[in-house]
Amino acid sequence: MPTRKQAKWQILLSEFDIVYITQKAIKGKDLAYHLVENSVDGDYKPLTTYFPDEEVLFAGEDIAESYPGWRMFFDRAANFKGVGIGVVLISKFGQHYPASAKIRFPCTNNIVEYEACILGIRMAIDMNVKELLIIGDSDLWIHQLQGEWSTKNFKILLYLHYVKELCKKFTKIEF
C-alpha cells in the first residue's frame, strides 16, 4: 500500500504517459559496487561475471571521451553485512580486473573512500601500470588530493599523504 506521499506523486504523474525502460548500459562505478557486494578472494583475474540481464549492451564509464591508458573505478558500500570496497582496473585494451575487500575496523565514509582508492592504486602498481586515470564519486577526496581543499583531520591527512606517495610511482596519473 503506497504512503500518502507516494500516492500524491502517483496521482500527479498519472496524467503523463510514463513507461519504464531498463537501462542498457552498466557504469563503471556500478560494476565496482557490484564487486563490493559480491567479493571474492584470490589473485587478480579478468572479470568473468555475467549479468543475467541480456539487454546490457556494454559497460560504460562516467567519462565522455575514451581514455587511451588504464582506468580505475572505485567505490564503497555499507550494508547489514558491514563495509566493503570494490575496484575495477580496466586496461588500455579493455580487459577488466576486479578486486574487492571488506573493511573490518570502524571508520568514516571518507576513510573508506581512501581505502578503496589505495586498494586500486596498489593493484595498479603491482601490475606495473605507469599511466592511470582514477575515477571516483567523492568530490571531497578528489579536491583534497588535488590540493584544492584541505583537512585538519589527522587520520585523513595520513591517508592523503599515503595516496600522494603512491601516486609518485606513476609517470602520469589523473583524477
Side-chain angles (χ1 to χ4, degrees), residues 21-79 81-103 107 109-148 159-175:
I21 299 174
T22 57
Q23 185 174 346
K24 303 285 187 211
I26 300 172
K27 293 186 177 184
K29 68 176 185 167
D30 296 328
L31 196 54
Y33 188 79
H34 172 76
L35 292 171
V36 169
E37 293 294 322
N38 301 289
S39 59
V40 293
D41 294 327
D43 295 328
Y44 310 136
K45 295 180 182 175
L47 183 63
T48 57
T49 302
Y50 295 100
F51 293 91
D53 184 358
E54 295 173 0
E55 297 292 317
V56 173
L57 299 176
F58 67 95
E61 288 85 25
D62 289 339
I63 52 177
E65 55 198 48
S66 63
Y67 186 76
W70 285 74
R71 294 163 293 181
M72 180 186 92
F73 292 89
F74 70 95
D75 207 353
R76 53 135 183 94
N79 59 25
K81 294 180 183 177
V83 178
I85 54 177
V87 175
V88 177
L89 268 177
I90 303 171
S91 74
K92 49 182 139 183
F93 305 110
Q95 190 70 35
H96 290 63
Y97 297 91
S100 61
K102 286 189 176 186
I103 303 296
C107 55
N109 287 338
N110 295 330
I111 289 176
V112 176
E113 289 284 346
Y114 275 100
E115 287 282 346
C117 181
I118 288 168
L119 173 67
I121 291 175
R122 290 182 62 185
M123 191 169 127
I125 290 169
D126 289 347
M127 296 175 77
N128 204 27
V129 173
K130 294 299 178 192
E131 295 184 6
L132 184 64
L133 172 64
I134 298 176
I135 302 165
D137 62 357
S138 172
D139 278 343
L140 175 73
W141 177 86
I142 290 171
H143 288 292
Q144 283 177 344
L145 200 57
Q146 292 177 336
E148 297 167 3
Y159 279 99
L160 181 63
H161 292 303
Y162 184 61
V163 170
K164 285 183 178 182
E165 283 300 312
L166 289 175
C167 290
K168 291 178 182 177
K169 298 183 186 255
F170 296 89
T171 56
K172 180 181 177 186
I173 191 161
E174 296 180 64
F175 302 93

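Just so you know, these numbers come straight off a predicted model, no measurement behind them. Values reported hereafter were calculated over all heavy atoms of this structure, with side chains retained and with hydrogens, waters and symmetry mates removed.
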Does any non-hydrogen side-chain atom of L145 lie less than 4.5 Å from one of K164?
-> yes
Taking all heavy atoms of C107 and all of V112, pick out the closest pair and write down the distance.
-> SG-CG2, 3.2 Å
Would you check if R76 and N109 make a side-chain contact, meaning some heavy-atom pair closer than 4.5 Å?
-> yes
Does a side-chain heavy-atom distance below 4.5 Å link I85 with D75?
-> no
Here the gap from Y162 atom OH to C167 atom SG, rounded to the nearest 0.5 Å, amounts to 11.0 Å
Are K102 and V83 side-chain neighbours, meaning at least one heavy-atom pair lies under 4.5 Å?
-> no
Inter-residue atom distance M127.CE - L89.CG, 0.5 Å rounding | 6.0 Å
Check whether any side-chain heavy atom of Y97 lies under 4.5 Å from a side-chain heavy atom of V88, and answer yes or no.
-> no
Checking side-chain contact (heavy atoms from CB on, under 4.5 Å) for the pair I90/Q95: CA distance, chi angles, key distance, verdict?
-> CA-CA 6 Å; I90 303 171; Q95 190 70 35; over 6 Å; no
List the steps and the verdict of side-chain contact (heavy atoms from CB on, under 4.5 Å) for F73 and V87.
-> CA-CA 6 Å; F73 292 89; V87 175; over 6 Å; no
Say you draw a straight line from NE2 of H143 to CD of Q146; how long is it, rounded to the nearest 0.5 Å?
-> 7.0 Å
Modelled atom types, side-chain donor and acceptor of Y159 and E113, under 3.5 Å = no
Report yes if the side chains of W70 and F93 come closer than 4.5 Å at any heavy-atom pair, otherwise no.
-> no
Between atom CE of M72 and atom SG of C117, what is the distance when rounded to the nearest 0.5 Å?
-> 4.0 Å
Going from CG on L166 to CG on L132, what distance comes out if it is rounded to the nearest 0.5 angstrom?
-> 11.5 Å
Any chance you could measure I118, atom CD1, to M123, atom CE, to the nearest 0.5 Å?
-> 15.0 Å
Please report the shortest heavy-atom distance between I142 and G136, naming the atom on each side.
-> CD1-O, 3.9 Å
Closest approach of K169 to I125 (non-hydrogen atoms, all atoms of both residues) | CD-CD1, 3.6 Å
Tell me, do I121 and F74 make a side-chain contact under 4.5 Å, heavy atoms counted?
-> no
With a 4.5 Å heavy-atom cut-off, do L133 and F175 have their side chains touching?
-> no
